[in-house]
Participant: 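Please find one structure pasted underneath; my questions will follow.
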Amino acid sequence: MGMKKHLAVCAGMVLFIFSATTFASAEIKIGVNAPRGELQALKRFGELKLYLEHELGDTVTLIPRRVDVLLSALEKEKPDFVLGNPVHTAIMQQEEKTIPLATMNLENGPLFAGVIIAKKGSGISTVQDLRGKKIMTLNPLAAAAYVFQTYYMLEQGIDPRTESAAFIQGKKLDDLVYSVKAGVMDAAFIKSGILELMDSEGLIAMDEFVVLDERQDAGFHQRHTTPLYPSWFFSASSQVNPELRDKFKTALLKLTPDHPACTQARIKGFIEPLPLDSLHEALRALQLRPYHQ
């Protein structure tokens, strides 16, 4: 092969490699909290994934994980972004130096609450009735299915961790509701909106349950027991390029309530991240991570 032809072939190979590198789509990994199970999370945020791929020009992979294993799974899978509850967010921000980008704006706004339910006709109507009773929750990493209610009860002079007959952790929110419906558990800690959602899905009837210490908060229309706290957050790994981080945040904040990504996820979009002071106060009082030592 002549020298000129050889050089032309080499130049062509270099150009091909450069082009492939330039136009190959990068992968952006997003860890996602999945309190109702991983398949449900993939379905709920499928349109959001497609929207982000369009806005960012890269492949987006969702990594849904149960509440109790999300943080440990992330240590291995090292996602670029995480959609987690405020407890996950507080822990990651303090331990991993993640950067909160946006708070999820739910159907009732960017706040949510904890609910304590019992079976209608059980004779249980207030948290004071839960001494010596069987209670099911999610893991202590669950904001509105553990932390909010446990802190609320502690403020009412009851520590459910030590004063209940059983304080058992379930795997999915639906299972907690079913355990009360079946009479296996006397009460359960669930997040606001789940009763309404499961009723709309035909899985339960809301009038089968009572909400303990039910309260009213202006503008918040879902049944609940505890005060309101900031909703889920999108956070960025400290290793993410600032340009990508800013682009990701911009994409989140410009979502409108009528976009398919929002309607499928049952949200209105995202807003600037809210302060987590009230959540940190609860975690400190309960001596939970990141204040567990």
Side-chain angles (χ1 to χ4, degrees), residues 33 35-36 66-71 85-88 90-91 111-195 198 204 206 208-217 222-231 276 278-293:
N33 187 27
R36 296 189 71 193
R66 290 197 321 261
V67 176
D68 56 327
V69 298
L70 179 63
L71 294 185
N85 70 37
V87 173
H88 293 136
I91 293 171
L111 304 173
F112 73 143
V115 189
I116 304 177
I117 60 170
K119 190 173 184 178
K120 190 173 183 178
S122 66
I124 300 172
S125 59
T126 74
V127 296
Q128 300 298 330
D129 299 325
L130 291 182
R131 286 189 174 90
K133 297 296 193 295
K134 294 179 292 183
I135 303 171
M136 182 172 278
T137 76
L138 289 185
N139 185 272
L141 292 172
Y146 185 100
V147 173
F148 298 171
Q149 294 93 329
T150 305
Y151 180 53
Y152 173 79
M153 289 187 65
L154 196 64
E155 289 196 307
Q156 307 308 307
I158 310 167
D159 190 337
R161 299 171 295 185
T162 59
E163 297 184 62
S164 55
F167 198 57
I168 298 172
Q169 295 174 17
K171 299 296 184 182
K172 296 190 298 183
L173 281 171
D174 299 45
D175 297 340
L176 276 58
V177 178
Y178 292 141
S179 73
V180 172
K181 179 178 179 178
V184 176
M185 289 285 137
D186 297 305
F189 294 176
I190 62 173
K191 79 182 185 75
S192 56
I194 287 297
L195 277 183
M198 292 182 71
I204 55 131
M206 284 186 62
E208 298 176 279
F209 304 90
V210 294
V211 173
L212 309 190
D213 291 11
E214 188 166 5
R215 58 185 284 148
Q216 303 294 324
D217 286 285
Q222 293 169 340
R223 303 184 70 182
H224 60 293
T225 300
T226 75
L228 305 178
Y229 293 85
S231 179
L276 279 169
S278 58
L279 192 277
H280 281 286
E281 181 180 333
L283 294 173
R284 284 192 188 94
L286 296 172
Q287 297 183 317
L288 293 174
R289 187 175 170 188
Y291 305 106
H292 56 306
Q293 293 178 340

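What's counted below: heavy atoms across the whole structure, side chains too, no hydrogens, waters or symmetry copies. As the structure is a computational prediction, the values presented were derived from the model and not from experiment. By convention here, the first residue in the shown sequence is residue 1.
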Participant: Could you please spell out the steps behind the side chain to side chain contact (heavy atoms under 4.5 Å, CB included) verdict for Leu141 and Val69?
Facilitator: CA-CA 9 Å; Leu141 292 172; Val69 298; over 6 Å; no

Participant: For a quick test of reading the model, state the closest non-hydrogen atom pair linking Ser278 to Pro230 and the distance between them.
Facilitator: OG-CD, 4.1 Å

Participant: Between Ile116 and Asp213, does a side chain to side chain contact (heavy atoms under 4.5 Å, CB included) hold up when you go through it step by step?
Facilitator: CA-CA 8 Å; Ile116 304 177; Asp213 291 11; over 6 Å; no

Participant: Do you see a donor-acceptor pair shorter than 3.5 Å between the side chains of Tyr146 and Gln169?
Facilitator: no

Participant: Before giving the answer on salt bridge (charged side-chain N to carboxylate O under 4.0 Å, His left out), spell out for Asp159 and Arg161 the whole-Å C-alpha distance, their side-chain angles and the decisive distance to 0.1 Å.
Facilitator: CA-CA 5 Å; Asp159 190 337; Arg161 299 171 295 185; 3.0 Å; yes

Participant: In the structure I gave you, are the side-chain heavy atoms of Ile135 and Phe189 within less than 4.5 Å of one another anywhere?
Facilitator: yes

Participant: Measuring from atom CG of Leu212 to atom CE of Met153, what distance do you get when rounded to the nearest 0.5 angstrom?
Facilitator: 8.5 Å

Participant: State, to 0.1 Å, how close Ala165 and Gly132 come at their nearest heavy-atom pair, and which atoms those are.
Facilitator: CB-O, 3.2 Å

Participant: Are side-chain heavy atoms of Tyr178 and Ile204 found at a separation under 4.5 Å?
Facilitator: yes

Participant: For the atom pair OG1 (Thr137) and CD1 (Ile190), what is the distance rounded to the nearest 0.5 Å?
Facilitator: 12.5 Å

Participant: Within the 4.5 Å heavy-atom criterion, are Glu208 and Lys120 side-chain neighbours or not?
Facilitator: no

Participant: Check whether any side-chain heavy atom of Ser125 sits under 4.5 Å from a side-chain heavy atom of Val210, and report yes or no.
Facilitator: no

Participant: Give a yes or no on whether a salt bridge exists between Arg66 and Asp68, defined as a side-chain N under 4.0 angstrom from a carboxylate O.
Facilitator: yes

Participant: Rounded to the nearest 0.5 Å, how far apart are NZ of Lys119 and CZ of Phe209?
Facilitator: 8.5 Å

Participant: Which atom pair, heavy atoms only, marks the closest approach of Leu138 to Gly170?
Facilitator: CD2-O, 3.6 Å

Participant: Using the rule given for side chain to side chain contact (heavy atoms under 4.5 Å, CB included), can you reason through Gln222 versus Phe112, listing the C-alpha separation, both sets of side-chain angles and the distance that settles it, and then say yes or no?
Facilitator: CA-CA 9 Å; Gln222 293 169 340; Phe112 73 143; 5.7 Å; no

Participant: Measure the shortest side-chain to side-chain distance between Val115 and Ile194 over non-hydrogen atoms and say whether it is less than 4.5 angstrom.
Facilitator: no

Participant: Using side-chain heavy atoms (C-beta onward) and a distance below 4.5 Å, is Lys133 in contact with Ser164?
Facilitator: no

Participant: Measuring from atom CZ of Phe148 to atom CG of Leu286, what distance do you get when rounded to the nearest 0.5 angstrom?
Facilitator: 11.5 Å

Participant: Indicate yes or no: at least one non-hydrogen side-chain atom of Tyr152 is less than 4.5 angstrom from one of Val127.
Facilitator: yes

Participant: Charged N to carboxylate O under 4.0 angstrom, Arg131 versus Asp129?
Facilitator: no

Participant: Are Leu283 and Pro290 packed together at the side-chain level, in the sense that at least one heavy-atom pair is separated by less than 4.5 angstrom?
Facilitator: yes

Participant: Between the main-chain N or O of Val67 and the side-chain N or O of His88, is there a donor-acceptor pair closer than 3.5 Å?
Facilitator: yes

Participant: For the pair Arg223 and Glu214, find out whether any cationic side-chain nitrogen is under 4.0 Å from an anionic carboxylate oxygen.
Facilitator: yes

Participant: To check you understand the geometry: which heavy-atom pair defines the closest contact between Asn85 and Ala143, and what is its length?
Facilitator: ND2-N, 3.5 Å

Participant: Do the side chains of Asp186 and Lys134 get close enough for a salt bridge, i.e. N-O under 4.0 angstrom?
Facilitator: no

Participant: Quick check: closest heavy atoms across Arg215 and Thr226, and the distance to 0.1 Å?
Facilitator: CD-O, 3.3 Å

Participant: Could you please spell out the steps behind the side chain to side chain contact (heavy atoms under 4.5 Å, CB included) verdict for Ile158 and Leu130?
Facilitator: CA-CA 9 Å; Ile158 310 167; Leu130 291 182; 5.8 Å; no

Participant: Looking at Arg36 and Met198, what are the two nearest heavy atoms and their distance?
Facilitator: NH2-CG, 4.0 Å

Participant: Once rounded to the nearest 0.5 Å, what's the spacing between atom OH of Tyr229 and atom OG of Ser192?
Facilitator: 12.0 Å

Participant: Does the ring of Tyr291 carry Arg284 above it, NZ/CZ under 6.0 angstrom from centre and within 45° of its axis?
Facilitator: yes

Participant: Let me confirm one number: the CD1-OG1 distance from Ile117 to Thr225, rounded to the nearest 0.5 Å.
Facilitator: 9.5 Å

